[in-house]
Amino acid sequence: MLDCVTSHDKITTAASGFVLEDVPHLSDYIPLLQTYPDPLQDNPSYSVVAQYYVNVDDTIAQQIVVHKNSPRGTHFRRAGPAQKVYFDSEEVHACIVTCGGLCPGLNTVIREIVCGLYHMYGVHKVLGIQGGYPGFYSRNTVPLTPKVVNDIHKRGGSILGTSYGGHDTSKIVDSIQDRGINQVYILGGYGTQYEAAMIFEEVRRRGLKVAVVGIPKTIDNDIPVIDKSIGFDTAVEEAQRAINSAHVEAESAENGIGVVKLMGRYSGFIAMYATLASRDVDCCLIPESPFYLEGPGGLLEFVEKRLKEQGHMVIVIAEGAGQELLSGNPSIVNKQDASADKLFPDVGLWLSQKIKVKTLQF
């Protein structure tokens with residue numbers, strides 16, 4: 001959500017070039033908003049000391065490495081429990097929705113939100129919105145309690161279901177308002193979080209006391225500022241299975257080459273981390289690092305050299321890598337998938353064919 005710039009962005013500057021890009025808050029548009037003590041202070045399961053709560057001035061730096069004489073740069077508000085909250089637990093009516101593609105950990109997050117609200121904050125009204133954003137106005141809902149979600153972390157997918165698209169900001173906020181919902185938890189990737197920001201802008205416009213919480217969910221790990229998104233670790237772990245299989249097969253054939261295409265449209269985190277964890281990969285191609293095929297230092301020269309050295313090799317390529325080399329493919333240009341993302345040509349198949357032609361010349 002940090003990239004979703006609006007006219008209401010809260011940017012504060014201070015000495016030494018310190019810049020705080022703050023998140024929008026209910027108190028920005030609801031004057032004299034009442035606060036309540038955080039219910040955690042009365043919960044015997046938690047050690048309540050001053051250090052437990054996030055200080056109001058705690059921030060996270062966007063850039064970790066800076067020069068000693070450079071400005072302090074952009075910072076973001078640190079998340080965590082605060083000593084004062086803006087909702088009375090008995091008045092909270094929360095909802096949870098999952099949007100976009102599936103990824104490992106969705107049910108675990110749903111479970112933790114429900115159990116956290118129930119046991120830590122005393123919130124007993126939580127609604128599950130089924131089928132992604134369209135579920136808000138198609139009346140597909142299910143009550144969520146700790147008993148309902150007790151074992152869902154053992155299942156794959158999302159118990160709430162999900163979908164791409166179907167986002168109608170006005171109708172979604174109408175539904176939120178009609179149901180009396182005042183906390184909305186949205187699990188999704190970059191596009192979903194952009195739409196979550198649109199929902200909050202409409203909530204703000206109507207002056208509603210509704211908190212909109214975006215929870216980053218994408219195996220690509222491509223959401224800015226956060227360290228790691230839900231599902232990334234499992235994706236890296238599963239990717240190693242494919243890499244291992246490709247290595248076994250490549251090693252078993254003369255001049256065998258295993259090409260493993262992994263998810264990663266604009267960020268090659270899965271490919272890079274899986275490569276580092278595997279140790280069987282000879283070449284990793286990611287969108288952040290352009291490459292070329294022919295000539296000195298080109299990929300095909302490296303393939304030839306590697307095959308002469310060890311007789312086989314494994315290449316890992318992210319789906320978004322090398323797309324500039326395939327941009328002339330007329331069958332794909334301007335086509336979109338269900339999420340309105342541009343469809344990419346199959347770089348894995350293209351690369352395999354190029355290498356096959358080259359290896360016939362060895």
Side-chain angles (χ1 to χ4, degrees), residues 1-38 40-41 49-87 167 169 172-173 176 182-218 220-230 232 265-269 287-288:
M1 290 180 63
L2 295 170
D3 274 6
C4 302
V5 178
T6 72
S7 58
H8 298 97
D9 280 347
K10 297 163 60 179
I11 300 178
T12 304
T13 59
S16 303
F18 175 91
V19 179
L20 172 63
E21 288 193 17
D22 207 350
V23 293
H25 195 271
L26 296 172
S27 58
D28 297 339
Y29 63 92
I30 302 179
L32 304 176
L33 190 60
Q34 184 177 355
T35 61
Y36 305 88
D38 191 321
L40 290 181
Q41 70 180 15
V49 294
Q51 293 85 349
Y52 182 77
Y53 293 108
V54 172
N55 188 282
V56 293
D57 292 325
D58 286 349
T59 60
I60 303 296
Q62 183 179 35
Q63 298 290 339
I64 297 175
V65 179
V66 294
H67 297 293
K68 65 178 182 179
N69 295 323
S70 64
R72 293 181 60 192
T74 302
H75 289 65
F76 303 99
R77 183 75 63 183
R78 184 185 177 202
Q83 289 182 299
K84 296 290 184 179
V85 296
Y86 291 85
F87 291 92
H167 183 272
T169 305
I172 290 172
V173 178
I176 291 170
N182 51 21
Q183 290 187 8
V184 183
Y185 295 88
I186 301 175
L187 283 72
Y190 184 88
T192 298
Q193 301 309 325
Y194 181 85
E195 292 162 341
M198 295 167 60
I199 292 173
F200 180 79
E201 288 300 320
E202 179 64 16
V203 165
R204 187 208 302 262
R205 190 187 67 81
R206 300 187 189 190
L208 304 177
K209 186 184 177 183
V210 176
V212 180
V213 182
I215 302 173
K217 174 262 341 170
T218 168
D220 289 342
N221 200 38
D222 59 353
I223 298 180
V225 180
I226 65 167
D227 294 324
K228 193 179 294 181
S229 58
I230 299 157
F232 175 65
R265 294 175 58 82
Y266 303 106
S267 300
F269 288 108
E288 294 89 337

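We're numbering straight along the sequence, starting at 1.
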Could you work out, with side-chain contact (heavy atoms from CB on, under 4.5 Å) as the rule, every residue matching Ser267, not counting sequence neighbours?
Asp222, Phe269, Glu288
Leu26 versus Phe87: any side-chain heavy-atom pair under 4.5 Å?
yes
Less than 4.5 Å apart, any side-chain heavy atom of Asp28 and any of Arg204?
yes
Applying side-chain contact (heavy atoms from CB on, under 4.5 Å) to Met198 and His167, what does each step give before you reach the verdict?
CA-CA 10 Å; Met198 295 167 60; His167 183 272; 4.1 Å; yes
Apply ring pair (Phe, Tyr, Trp, His ring centres under 6.0 Å) to Phe18 and list each qualifying residue two or more places apart in sequence or on a separate chain.
His75
Would you say Gln63's side chain and Thr74's backbone share a donor-acceptor pair under 3.5 angstrom?
no
Spacing of Ile60 atom CD1 and Arg77 atom CZ [to the nearest 0.5 Å]:
11.0 Å
Partner set under ring pair (Phe, Tyr, Trp, His ring centres under 6.0 Å) for Tyr86, not counting sequence neighbours:
His25
Backbone N or O of Leu208 within a donor-acceptor pair of the Tyr29 side chain at under 3.5 Å?
yes
Decide yes or no on side-chain contact (heavy atoms from CB on, under 4.5 Å) for Val184 and Ile199, but give the supporting numbers first.
CA-CA 10 Å; Val184 183; Ile199 292 173; 5.8 Å; no
With sequence neighbours excluded, tell me which residues meet salt bridge (Lys or Arg N to Asp or Glu O under 4.0 Å) with Lys84.
none
side-chain contact (heavy atoms from CB on, under 4.5 Å) for Ile186 and Val212? Distances and angles first, verdict last.
CA-CA 8 Å; Ile186 301 175; Val212 180; 4.0 Å; yes
Could you pull out all residues at least two apart from Phe232 that satisfy ring pair (Phe, Tyr, Trp, His ring centres under 6.0 Å)?
Tyr273
Which residues pass the side-chain contact (heavy atoms from CB on, under 4.5 Å) test with Ile215, sequence neighbours left out?
Val109, Ile113, Tyr185, Leu187, Val213, Ile230
How would you list all residue pairs meeting salt bridge (Lys or Arg N to Asp or Glu O under 4.0 Å) that involve residues 57-75, not counting sequence neighbours?
Asp58-Arg78
Report the C-alpha separation of Lys209 and Asn182 in whole Å, then their side-chain angles, then the decisive distance to 0.1 Å, and conclude whether the side-chain contact (heavy atoms from CB on, under 4.5 Å) test is met.
CA-CA 6 Å; Lys209 186 184 177 183; Asn182 51 21; 5.8 Å; no
side-chain contact (heavy atoms from CB on, under 4.5 Å) with Asp38: which residues, sequence neighbours excluded?
Leu40, Tyr53, Pro81, Val85, Tyr121
When rounded to the nearest 0.5 Å, the distance separating CD1 of Ile176 from CD of Gln183 is 12.0 Å
Excluding sequence neighbours, so at least two apart, what forms side-chain contact (heavy atoms from CB on, under 4.5 Å) with Arg205?
Glu202
Thr13 side, atom OG1; Ile11 side, atom CD1 - distance, nearest 0.5 Å
9.5 Å
